[in-house]
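Here's the structure, in structure tokens; my notes come after.
Letters A, B, ... mirror the listed sequences (proteins, then strands); counts begin at 1.
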Number of protein chains: 2
Amino acid sequence: MFVRITTDRRPQPNTLDEFGLAGTFNRIIGLSEFKYRKDTEIFGEKEPAVYVYQVKHGAVRSYKLLSDGRRQIAAFHLVGDIFGIENGNTHRFTAEAVVETVARLIKRESIQLVAARDAVVSHNLLSMTTRNLEHAENHMLLLGRKTAVERVAAFLLEMDCRTGADNVSLPMTRRDIADYLGLTLETVSRVLSSLRKAGVLTFLDGDQREIMLNDRSRLADFDRQEPARP
Amino acid sequence: MFVRITTDRRPQPNTLDEFGLAGTFNRIIGLSEFKYRKDTEIFGEKEPAVYVYQVKHGAVRSYKLLSDGRRQIAAFHLVGDIFGIENGNTHRFTAEAVVETVARLIKRESIQLVAARDAVVSHNLLSMTTRNLEHAENHMLLLGRKTAVERVAAFLLEMDCRTGADNVSLPMTRRDIADYLGLTLETVSRVLSSLRKAGVLTFLDGDQREIMLNDRSRLADFDRQEPARP
DNA sequence: CGAAATCTTGATTGAATTCAATCTAAGTGG
DNA sequence: CCACTTAGATTGAATTCAATCAAGATTTCG
């Protein structure tokens, strides 16, 4: 029984169409593409924000660091996602390619130019930012109040929901997952092992990055989502 | 020596002017005010979003709950702050008055109406949402990767920075602070005590809600902010 | 294949939570 | 005005969940 669970977290499609930009717009500003090797920086925190990016292929992590190297990954950007969109002139994150990644680049100023004239584009820009905010809000709840098991379960369901494929593929390392969930890589590994032993998921091909969710509703039970009303 | 520390976190002024709405706009849509008693709900999660609010007097907490009652406060809204601004039609949080609070109410649809025609208003709307996002991003770092002492220090500096007054007044309870910082109220109390014993801060009037920061730079040392570049 | 990186698992530690009293301040009503 | 109650804050002791420390196991890649 593969019952797909509908969660509060949206798939975050963030496709270009959301800009209201499909069609003519692409031609106007001339999209360029760029390939990033695994673990290379796409842009750094506090760098001037020149481009907005869309993941064509691969995966991206954006994160902040503390002075002693502690890292918090705020989001993973998967195929189709738009990232690096800033209101100020500088990036608030560092973005790195998790695996070899191809991204489309759009000049930030050209978007702003269109947004200033076109209310639809401007509205879509706001709605994309709001979606990011919504994700951040849910993630605060996870980081502030959820247990290790709940965090990992929520992460798997989020990835499952976003990729849409039958199996969940995790291009990122255990350390990346840990830094996204506010845990250590050992804890992530232990929780995944226990979920595997509990029969909730299976590692495919003996690959630890490719996971089959055997029972999404039971996995959802491991996560304890918010109630409708207080 | 009261050296004011400039941090990454902005004071979040979020004044009405940011809408580009001062002056005529106020007259056009007719602002109304409302008073909320301590601990009463202003709006609930998943309720339809009819109004946008601005704190005139008092303080507001907005939070999410898990089914078993665990609570994560995402933000405190102080005098001047605008909150309850949503892109979708429903609120993503519950908002409650921390103390007796007066808020200005603005019909959401009238803002949207103006935003659709006026690029400046629309831009300010985006910029306010981005500022909220920025706050959420910093808070994720705090919740995911900072120690108890760092969290409390960061909180005090944030409140100090936002209120701007000489002393920090904390209208919220220790439990509220704990639920904002992802800690327990006991831990918050212990850390505040230890900071007091260390001479970094002083409780005024024997009131535990009114605090003087004796040494902001030493307090900042207790927090370990992010570095400029990775 | 051998080396390096990543992942898993076990043992131990530790920071923060939980449990349990006080303590203090603010009401309340006789 | 003062006992009495209540809510909130502090402090201490015990517990626990996840972190840290430490090997191995497995995978990846030159």
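In this entry the distance linking CZ of A:F203 with C1' of C:dT8 reads 9 Å, nearest Å. If you take CZ of A:R175 and C1' of C:dA5, they are 12 Å apart, rounded to a whole angstrom. Residue A:I211 contributes atom CD1, which lies 14 Å from atom C1' of C:dT8 at whole-angstrom precision. The CD atom of A:E210 sits 14 Å away from the P atom of C:dC7 (whole-angstrom rounding). In this structure, A:R196 places its CZ atom 11 Å from C1' of C:dT9, rounding to the nearest Å. When rounded to the nearest whole Å, the span between CG of A:L185 and C1' of C:dA5 equals 12 Å. Separating the CG atom of A:L170 from the P atom of C:dT6 is a distance of 15 Å, rounded to the nearest angstrom.
Residue A:R209 has a polar side-chain atom (N or O) positioned under 4.0 Å from OP1 or OP2 of C:dC7. For C:dT9, neither phosphate oxygen OP1 nor OP2 lies less than 4.0 angstrom from any side-chain nitrogen or oxygen of A:R190.
Within 6.0 Å of the CZ atom in B:F203, the count of heavy atoms belonging to other residues, nucleotides or ligands exceeds 12.
Atom-to-atom distance recorded for B:D81:CG and B:S62:OG is 10.0 Å, nearest 0.5 angstrom. Distance CG/B:L170 to CZ/B:F76: 9.0 Å, rounded to 0.5 Å.
Nearest-nucleotide mapping onto DNA chain C: of A:M172 and A:R145, the residue sitting toward the 5' end is A:M172. With DNA chain D read from its 5' end, the first of the two nearest nucleotides for A:Q208 and B:E186 is the one closest to B:E186.
The residue B:L183 sits close only to the backbone: its heavy atoms come under 4.0 Å of sugar-phosphate atoms, none of a base. Here A:T173 lies in heavy-atom contact (under 4.0 Å) with sugar-phosphate atoms only. Using a 4.0 Å heavy-atom criterion, one finds that A:S193 contacts the sugar-phosphate atoms exclusively. Nucleic acid contact class of B:R151 (heavy atoms, under 4.0 Å, all strands): none.
Nucleotides of DNA chain D with any atom under 4.0 Å from a heavy atom of chain A span, from 5' to 3', D:dA18 to D:dT27.
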Item checked: Derivation and outcome, salt bridge (Lys or Arg N to Asp or Glu O under 4.0 Å), residues B:E137 and A:R92 -> CA-CA 9 Å; B:E137 288 161 351; A:R92 299 189 305 272; 2.7 Å; yes
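Distance alone, capped at 3.5 Å, is enough to place a donor-acceptor pair between the A:R145 side chain and the B:L183 backbone.
Using modelled atom types and a 3.5 Å distance limit, the side chains of B:D215 and B:S217 yield a donor-acceptor pair.
Partner B:H91 forms a ring-ring contact (aromatic ring centres under 6.0 Å, His included) with one of B:F83, B:Y51, B:F43 and no other, that one being B:F43.
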